[in-house]
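Let me begin by presenting the structure, written as structure tokens, before commenting on it.
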Amino acid sequence: MKLAIADPPYPPIFGERFDTAGGEGRLTVRSRARRWYGDGTRAKTDSAPADFHPDAGRWDDISEHRRLMEQLLDEYDGWAIATTPDGLGAYHPLPVSAHVAAWVRPNGMPGGGRLVSRWEPVIVFVPDARRNREQLRIPDVLTAAAPRRGFAGAKPPEWTRWVLAMLGYAPGADTVTDVFPGSGAVSAAADGLLPIEGFTG
């Protein structure tokens, strides 16, 4: 089967501020894509950027994320998309057979608001032939620390093994496409360098 894992630049952060002279609310938008992958403004405390992409800003367009999901539906038997809690809306409505799994990060980065996000969703579309309970059963929650080194958004090895296990990856029988290659973890796991056992629930 053809499988794919997509970890695209995350959708922008939308907010509301009431700092106008008349007190009316105004919508604010902050780019994640340009900050971490393009020419956007970066803070001095930011970690090293990932690969530079001149067209990173196109991922600030919510419709790009929807198009990505539709492409995966058309071209692959199963797939997974990494995103943020506030980015899930970019992909709605989800396919009926899609599932939202949760990666819990005990050491998640604090944001600028009162609430500290300690999890990230993963939209998972398991191939039809691998959805029954007779297959290996995998929990839809993973607790694993985010890497302390490397670029923002990098996933730990456990994350890759977990996602491949949810998709029912069968070495030798399946192909896996890393739609947004970064650390090489997806290819390493798919090549058998990272074991995917240990996630049965």
Side-chain angles (χ1 to χ4, degrees), residues 1-11 50 65-66 68-88 90-109 117-201:
M1 291 190 179
K2 293 178 60 180
L3 308 176
I5 296 178
D7 188 5
Y10 292 160
H65 296 269
R66 182 72 193 177
L68 168 64
M69 186 177 70
E70 291 172 349
Q71 178 185 353
L72 295 178
L73 276 170
D74 288 341
E75 299 180 7
Y76 296 91
D77 300 299
W79 46 265
I81 300 175
T83 188
T84 58
D86 60 358
L88 275 172
Y91 298 96
H92 282 182
L94 295 175
V96 172
S97 297
H99 188 91
V100 177
W103 169 36
V104 178
R105 309 168 304 167
N107 63 338
M109 292 188 301
S117 179
R118 296 292 192 201
W119 77 288
E120 286 191 4
V122 182
I123 304 168
V124 184
F125 188 85
V126 179
D128 180 65
R130 295 177 183 171
R131 294 175 192 162
N132 64 64
R133 62 189 307 166
E134 296 174 3
Q135 305 277 339
L136 188 66
R137 305 185 74 180
I138 309 298
D140 62 358
V141 176
L142 169 72
T143 300
R148 294 188 177 277
R149 296 184 179 181
F151 55 81
K155 305 298 189 292
E158 298 94 329
W159 185 93
T160 305
R161 298 196 297 266
W162 172 60
V163 171
L164 287 172
M166 286 193 291
L167 292 172
Y169 171 62
D174 296 339
T175 61
V176 181
T177 299
D178 187 355
V179 182
F180 295 86
S183 65
V186 171
S187 296
D191 289 342
L193 300 181
L194 297 176
I196 64 173
E197 292 80 11
F199 293 102
T200 55

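Numbers here are sequence positions counted from 1. Treat the numbers as computed from the prediction; the structure is a model and nothing was measured.
- The distance from the CG atom of L142 to the CH2 atom of W162 is 5.5 Å, given to the nearest 0.5 Å.
- Within the 4.5 Å cutoff, side-chain heavy atoms of Y169 are placed close to those of P171.
- Counted by atom type alone, E70 and Y91 present zero donor-acceptor pairs between their side chains at under 3.5 Å.
- Between M69 and P95, the closest heavy-atom pair is SD-CD, 3.7 Å.
- If you take CH2 on W79 and CD on Q71, they are separated by 11.5 Å, rounding to the nearest 0.5 Å.
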Evaluate side chain to side chain contact (heavy atoms under 4.5 Å, CB included) for L88 paired with I123, printing each intermediate quantity in order. CA-CA 8 Å; L88 275 172; I123 304 168; 3.9 Å; yes
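- A pairwise comparison of heavy atoms in V122 and A80 identifies CG1-CB, 4.0 Å as the closest pair.
- Checking side-chain atoms of R105 against main-chain N and O of A146 turns up no donor-acceptor pair under 3.5 Å.
- Taking both residues in full, the closest heavy atoms of W119 and A101 are given as CZ3-O, 4.4 Å, listed atom of the first, atom of the second, then distance.
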Can you check side chain to side chain contact (heavy atoms under 4.5 Å, CB included) on Y76 and V176, steps first, answer last? CA-CA 9 Å; Y76 296 91; V176 181; over 6 Å; no
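- Residue P9 comes nearest to H65 through the heavy atom pair O-CE1, 3.1 Å, listed as atom of the first residue, atom of the second, then distance.
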Determine whether H99 and M166 satisfy the following criterion, side chain to side chain contact (heavy atoms under 4.5 Å, CB included), listing intermediate values before the conclusion. CA-CA 10 Å; H99 188 91; M166 286 193 291; over 6 Å; no
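- Across all their heavy atoms, A144 and P106 have their closest contact at O-CD, 3.7 Å.
- Here the CG-CG distance, from D174 to L3, works out to 4.5 Å after rounding to the nearest 0.5 Å.
- No donor-acceptor pair closer than 3.5 Å links the side chain of R131 to the backbone N or O of S97.
- Although no hydrogens or angles enter the test, the distance criterion places no donor-acceptor pair under 3.5 Å between the side chain of W103 and the main chain of V141.
- Here CD of E120 is found 7.0 Å from OG1 of T84. Values are rounded to the nearest 0.5 Å.
- Heavy-atom minimum distance, P127 versus L167: CD-O, 3.5 Å.
- A side chain to side chain contact (heavy atoms under 4.5 Å, CB included) with I5 is found for one member of L164, I81, L72, V124 and no other, namely L164.
- Classification of E75 and K2 as a salt-bridged pair fails, no side-chain N sitting under 4.0 Å from a carboxylate O.
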